[in-house]
Amino acid sequence: MPSVGRPKVDRTLPKALTIETVSTVLAALDKDDVGRNSWPERDRAIVLTVLLTGLRSEELIQLNVGQVRIVDDGSAVLHVRGKGNKDRHVPVESGLVVILERYLGSRSERHARLSTSRRRPGAKLSSWEPTSPLFVGTTGDRITRGTLQYRVRRLYRRAGVDGQREKGALVHGLRHTYATALANQKVSVYTLMKLLGHESMATAQRYVSGAGVETRPAAALNPIYRLVVAESDAVDQRGDPPSS
């Protein structure tokens, strides 16, 4: 009987963006963009959702509003349908909820003319139909993979950091950044496997070593949340009116 060898695991960590590069990318969203499809609130929500949840591009595309479940303290849990139709729960902090609801407020304003309903949803997640796609294109339909990848690539280029990502790694590069950020906080392999939706611990092992913690405290350790807080403070100081 032939022997069965151990599965080969790529020991090279995927290239992640540094926290400085992430800050530069987010700052680029505040620059004037004259493109007819410019939508900074949505693009910021997309980038931060991946950076703070590690979703795959297809998981992000298929996410509905009702899959973002708000809990009592203002944080939320994303109910994600992953590879092989396997479900997982990804916790997020209130900072990302604020970003998502700002985007939804801008979406309500943009697409008011496309709606046949007399009742227009507002910024709150609870005001939208649960089956409504969370991320949409400029026409109001569910965002496509092509549009998603194009918007992320365009953002990298506008930020001047396109050369700092791995070839072909657009949304997936943000997912790697999420995984690496948590690995640097000494999250256990098992916890990271659950958050990323990996089928084996061997895949998550590429990122992490150290002691284990529960999923929400682990996810909350992501240093990118500090950028979200800084952005919220900047908006408050500018006095931008809240979305209705």
Side-chain angles (χ1 to χ4, degrees), residues 26 29-30 33 36-82 87-145 147-148 151-152 171 174 216 219-220 222 224-225 227-244:
L26 295 177
L29 286 163
D30 293 324
D33 186 355
R36 63 186 179 90
N37 293 325
S38 173
W39 193 349
E41 297 91 351
R42 180 202 60 188
D43 292 351
R44 176 178 278 104
I46 285 173
V47 169
L48 284 170
T49 296
V50 182
L51 285 170
L52 294 170
T53 65
L55 296 191
R56 301 176 177 95
S57 58
E58 188 61 22
E59 293 169 347
L60 188 80
I61 291 166
Q62 296 302 324
L63 199 64
N64 291 332
V65 172
Q67 290 171 257
V68 184
R69 312 284 177 83
I70 306 297
V71 297
D72 291 342
D73 63 357
S75 62
V77 176
L78 271 58
H79 292 237
V80 182
R81 177 64 56 88
D87 293 334
R88 72 182 187 277
H89 298 163
V90 182
V92 298
E93 296 302 300
S94 59
L96 181 59
V97 175
V98 170
I99 295 294
L100 288 172
E101 291 191 333
R102 283 178 184 159
Y103 148 64
L104 289 175
S106 72
R107 172 173 157 185
S108 180
E109 294 292 335
R110 279 173 170 259
H111 296 151
R113 66 184 184 280
L114 301 177
S115 175
T116 58
S117 173
R118 293 183 179 181
R119 178 180 176 274
R120 190 178 75 190
K124 293 295 183 183
L125 284 154
S126 58
S127 70
W128 291 79
E129 289 294 330
T131 56
S132 177
L134 182 58
F135 293 110
V136 299
T138 54
T139 62
D141 296 323
R142 190 181 299 274
I143 197 168
T144 65
R145 181 179 177 85
T147 297
L148 176 62
R151 297 309 302 175
V152 174
V171 174
L174 302 176
R216 183 181 172 190
N222 195 327
I224 295 167
Y225 274 114
L227 298 181
V228 176
V229 172
E231 282 209 336
S232 297
D233 290 345
V235 169
D236 292 341
Q237 289 174 7
R238 289 198 302 266
D240 292 0
S243 300
S244 60

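The figures that follow rest on heavy atoms only: side chains count, while hydrogens, waters and symmetry mates do not. Remember, it's a predicted structure, so these values are computed and weren't measured experimentally.
Between atom CD1 of residue Ile70 and atom CG of residue Leu125 there is a gap of 5.0 Å, rounded to the nearest 0.5 Å. Note that the CD atom of Glu101 and the OG atom of Ser126 stand 7.0 Å from one another [nearest 0.5 Å]. Taken to the nearest 0.5 Å, the CG atom of Leu78 stands 7.5 Å off from the CG atom of Leu96. Remark: Leu148 CG to Asp43 CG distance equals 9.0 Å, nearest 0.5 Å.
Nearest heavy-atom pair, Val71 versus Ala76, reported as atom, atom and distance to 0.1 Å: CG2-N, 4.2 Å. In this structure, Gly137 and Trp39 approach most closely via the heavy-atom pair O-CZ3, 3.6 Å. Residues Val171 and Val50 approach most closely at O-CG1, 3.8 Å, considering heavy atoms. Taking each heavy atom of Val92 and Tyr225 in turn, the nearest pair found is CA-OH, 3.3 Å. The nearest pair of heavy atoms linking Phe135 to Thr49 is CZ-OG1, 3.6 Å. Nearest approach of Val65 to Pro133, heavy atoms of both residues: CG2-O, 4.0 Å.
Using a 4.5 Å cut-off on side-chain heavy atoms (C-beta onward), Leu227 and Leu48 make no contact. Gln67 places none of its side-chain heavy atoms less than 4.5 Å from the side chain of Leu134. Side chains of Arg142 and Thr147 form no contact here, defined as non-hydrogen atoms less than 4.5 Å apart. Taking 4.5 Å as the limit, some side-chain heavy atom of Val228 sits within range of a side-chain heavy atom of Leu52. Between Ile143 and Ile46 the shortest side-chain heavy-atom distance falls below 4.5 Å.
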From CA spacing to verdict: side chain to side chain contact (heavy atoms under 4.5 Å, CB included), Ser106, Arg42: CA-CA 8 Å; Ser106 72; Arg42 180 202 60 188; 5.8 Å; no
Full working for side chain to side chain contact (heavy atoms under 4.5 Å, CB included) between Arg88 and Glu59: CA-CA 11 Å; Arg88 72 182 187 277; Glu59 293 169 347; 2.8 Å; yes
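Side-chain atoms of Trp128 come within 3.5 Å of backbone atoms of Gly122 as a donor-acceptor pair (strictly under, hydrogens ignored). Put simply, the side chain of Asp73 gets close to the backbone of Ser75: a donor and an acceptor are under 3.5 Å apart. The backbone N or O of Leu104 lies less than 3.5 Å from no partner atom in the side chain of Glu41, so there is not a single donor-acceptor pair.
Remark: Arg69 engages His79 in a side chain to side chain contact (heavy atoms under 4.5 Å, CB included) (not counting sequence neighbours).
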